[in-house]
2 protein chains.
Amino acid sequence: MADGRMMAPSSGDSLLFLTDEQLRQGIEAMFFAYRGFTADPDRILADMAYGRAHHRAIHFINRAPGTTVNNLLNILGVTKQSLNRVLRTLIADGLVQSKVGRNDKRERHLFLTDEGRKLEQELSDAQRARMRLAFRTAGPEAVAGFRTVLEAMMDPEMRQSFDRLRESAP
Amino acid sequence: MADGRMMAPSSGDSLLFLTDEQLRQGIEAMFFAYRGFTADPDRILADMAYGRAHHRAIHFINRAPGTTVNNLLNILGVTKQSLNRVLRTLIADGLVQSKVGRNDKRERHLFLTDEGRKLEQELSDAQRARMRLAFRTAGPEAVAGFRTVLEAMMDPEMRQSFDRLRESAP
DNA sequence: AGTTTACGTCAGCCTTGTTGACATTCCAAT
DNA sequence: ATTGGAATGTCAACAAGGCTGACGTAAACT
């Protein structure tokens, strides 16, 4: 543990990016960047009775329309009670529609209503605007590196979810 | 807004990384990666009576020993009441020491105790291990891009805090 | 027929964020 | 020297959004 400092600085030097100090800067970059990442949608949601949890649900229902509750549970990594509280309000407010499964009637398939899609657009427009600016500023090679590191940072199961979503809309 | 889809696909093509779909994948990558990023410290903290807020405080006190409460407030972006609750428990448990300022006795300067440094080590070792693996897997160029995009994603004030911390320990 | 799966719900708890009000201490400027 | 304002601490109340545990229903599987 903490072997970065113990490494002889002369060993490789192309491994400079693996020193404890570089790693710590990466950690802090993640912290500060994530704040920016969520700031814009948070501002929009603050006015309504919704929070980040609603945003996440709306995002992934939009991304994979007709997804089941269980599937959403796995993607979001929360308990069904926690998700249910969010879904209940979204359904009650007419942003999400829940349809009983045709083959398996135990399942509920989730869809955004027109109103739900409207809010999703508003939220993701804001979030994409920041991402677009960051991407444009950094350039395509940086973006590729960004993606590579983030994928390597995920838990394997998360990586699977990520890949599955990517396949569904290439 | 949402101009990515409207762009003629043939316009540039080196701008392929700015399509709405690419931006959305970036957004989802941030979401899933941040989960991984916090997973290991969270697991350690779950056993104790501490949470992510304690981890953040400990991290930045370790990073900038002697920092004032106000300074920490700006870095963490929470209210003083929220931070105070966390600091109170950390001080009571003997992980953090608060010293009255010499020049300005209104200020409290914060330091980790030996025990606090021990916990900080344990937490950051876990977090660095994941970051190191991700960095090593992705390679130095990817890491550079990762850093570039994250910095471009920060709010300007966060960017300042980030840079200031970087200068303090180059 | 019995078991498992998918989902919903009630109740209660914890962390971590918020606002508002108020006290204290002390620097700095008038 | 007094006063205004800044930095800090604290009390109270509240909300979002996690969690566990228990229970119920309906459908599907074996």
Side-chain angles (χ1 to χ4, degrees), chain A residues 31 34-35 38-39 41-61 66-93 96-111, chain B residues 31 34-35 38-39 41-61 66-93 96-111:
Chain A
F31 172 70
Y34 198 78
R35 286 258 294 282
T38 57
D42 281 359
R43 256 189 294 275
I44 295 171
L45 290 160
D47 298 336
M48 324 184 201
Y50 297 138
R52 216 175 278 180
H54 301 83
H55 180 197
R56 290 197 283 261
I58 288 175
H59 174 98
F60 286 108
I61 293 173
T67 187
T68 64
V69 173
N70 231 0
N71 187 17
L72 202 51
L73 239 37
N74 290 327
I75 288 177
L76 296 177
V78 296
T79 58
K80 66 175 177 177
Q81 293 91 331
S82 207
L83 174 58
N84 191 255
R85 177 171 34 199
V86 167
L87 281 182
R88 213 185 317 167
T89 69
L90 289 175
I91 291 170
D93 295 353
V96 168
Q97 195 186 358
S98 162
K99 287 182 185 171
V100 173
R102 283 205 307 169
N103 297 341
D104 189 334
K105 290 179 189 166
R106 291 170 306 177
E107 295 181 339
R108 304 298 142 90
H109 298 276
L110 302 170
F111 302 87
Chain B
F31 172 69
Y34 198 78
R35 286 258 292 282
T38 57
D42 281 358
R43 256 189 295 275
I44 295 172
L45 290 161
D47 297 337
M48 324 184 201
Y50 297 139
R52 214 174 278 181
H54 300 83
H55 180 197
R56 291 196 283 260
I58 288 175
H59 174 97
F60 286 109
I61 293 173
T67 186
T68 64
V69 172
N70 228 7
N71 188 16
L72 203 50
L73 238 39
N74 291 327
I75 289 177
L76 295 176
V78 297
T79 58
K80 65 177 177 177
Q81 293 91 331
S82 204
L83 174 59
N84 192 256
R85 176 171 37 200
V86 167
L87 282 180
R88 214 184 318 164
T89 70
L90 289 175
I91 291 170
D93 295 353
V96 167
Q97 196 186 357
S98 163
K99 287 183 186 169
V100 173
R102 284 205 307 170
N103 297 342
D104 188 335
K105 291 178 189 168
R106 292 167 302 178
E107 295 181 340
R108 304 299 142 93
H109 298 274
L110 302 168
F111 302 87

Comparing B:V69 with A:H54, nearest DNA chain D nucleotide closer to 5' gives the residue B:V69
Which part of the nucleic acid does B:A49 contact within heavy-atom distance under 4.0 Å: base, sugar-phosphate only, or nothing? sugar-phosphate
note: B:Y50, atom OH; D:dC19, atom P; distance rounded to Å ~ 22 Å
* Asked: Which of parallel (below 30°), tilted (30 to 60°) and perpendicular (above 60°) describes A:Y50 and A:H54?
  -> tilted
In whole angstroms, the gap separating P of C:dA6 from CG of A:L110 amounts to 14 Å
Please check: side-chain N/O of B:R52 versus main-chain N/O of B:P41, any donor-acceptor pairing under 3.5 Å? no
query = Does A:S82 place a side-chain N or O at less than 4.0 Å from the phosphate oxygens OP1/OP2 of D:dG17?
reply = no
Heavy atoms under 4.0 Å, any strand shown: does A:H109 hit a base, just sugar-phosphate, or nothing?
nothing
In this structure, CG of B:N84 is separated from OG1 of B:T89 (nearest 0.5 Å) by 10.0 Å
So CD1 of A:I61 and CG of A:L110: to nearest 0.5 Å the spacing works out to 4.5 Å
Rounded to whole Å, the CD1-P distance (A:I58 to D:dG17) equals 11 Å
To the nearest angstrom, the CG-P distance between B:L45 and D:dG18 comes to 18 Å
N/O-N/O pairs, protein side and nucleotides 28-30 of chain D side, under 3.5 Å:
| residue | atom | partner | partner atom | Å |
| --- | --- | --- | --- | --- |
| D:dA28 | OP1 | A:N103 | O | 2.8 |
| D:dA28 | OP1 | A:K105 | N | 3.1 |

Tightest non-hydrogen contact, residues B:L45 and B:H55, listed as CD1-CB, 3.6 Å
note: A:L90, atom CG; D:dA16, atom P; distance rounded to Å ~ 13 Å
Using a cut-off of strictly less than 4.0 Å, decide whether B:R52 has a side-chain nitrogen or oxygen near OP1 or OP2 of C:dT16. no
Taken in chain and number order and not counting sequence neighbours, the residues that satisfy ring-ring contact (aromatic ring centres under 6.0 Å, His included) with A:Y34 are A:F37, B:Y34
**Asked** At under 4.0 Å, does any side-chain N or O of A:T79 touch on OP1 or OP2 of D:dC19?
**Response** yes
Winner on side-chain proximity to A:E107, out of C:dG17, C:dA6, D:dG18, is C:dA6
dist A:Q81:CD -> A:L83:CG (nearest 0.5 Å) comes out at 10.0 Å
Filtered N/O pairs between nucleotides 20-24 of chain C and protein, under 3.5 Å:
| residue | atom | partner | partner atom | Å |
| --- | --- | --- | --- | --- |
| C:dG20 | O6 | B:Q81 | NE2 | 3.1 |

Practice prompt. Give a yes/no on whether any side-chain N or O of A:N84 is located under 4.0 angstrom from OP1 or OP2 of C:dC7.
Written response: no
- Does any donor-acceptor pair link the side chain of B:R85 with the base of C:dG17 at a separation under 3.5 Å? yes
CG (B:D47) and CG (B:D42) are apart, to the nearest 0.5 Å, by 11.5 Å
The reported gap from CZ in B:R108 to OG1 in B:T68 (rounded to nearest 0.5 angstrom) is 11.5 Å
Between CG of A:L73 and C1' of D:dC19 the distance, given in whole Å, is 13 Å
Between CG of B:N70 and P of D:dG5 the distance, given in whole Å, is 18 Å
Taken to the nearest whole Å, CZ/A:R108 to C1'/C:dT9 is 13 Å
Step by step, would you call B:L76 with A:F31 a side-chain contact (heavy atoms from CB on, under 4.5 Å)? CA-CA 9 Å; B:L76 295 176; A:F31 172 70; 4.3 Å; yes
OP1, OP2 of D:dG18 versus side-chain N and O of A:R56: anything below 4.0 Å? yes
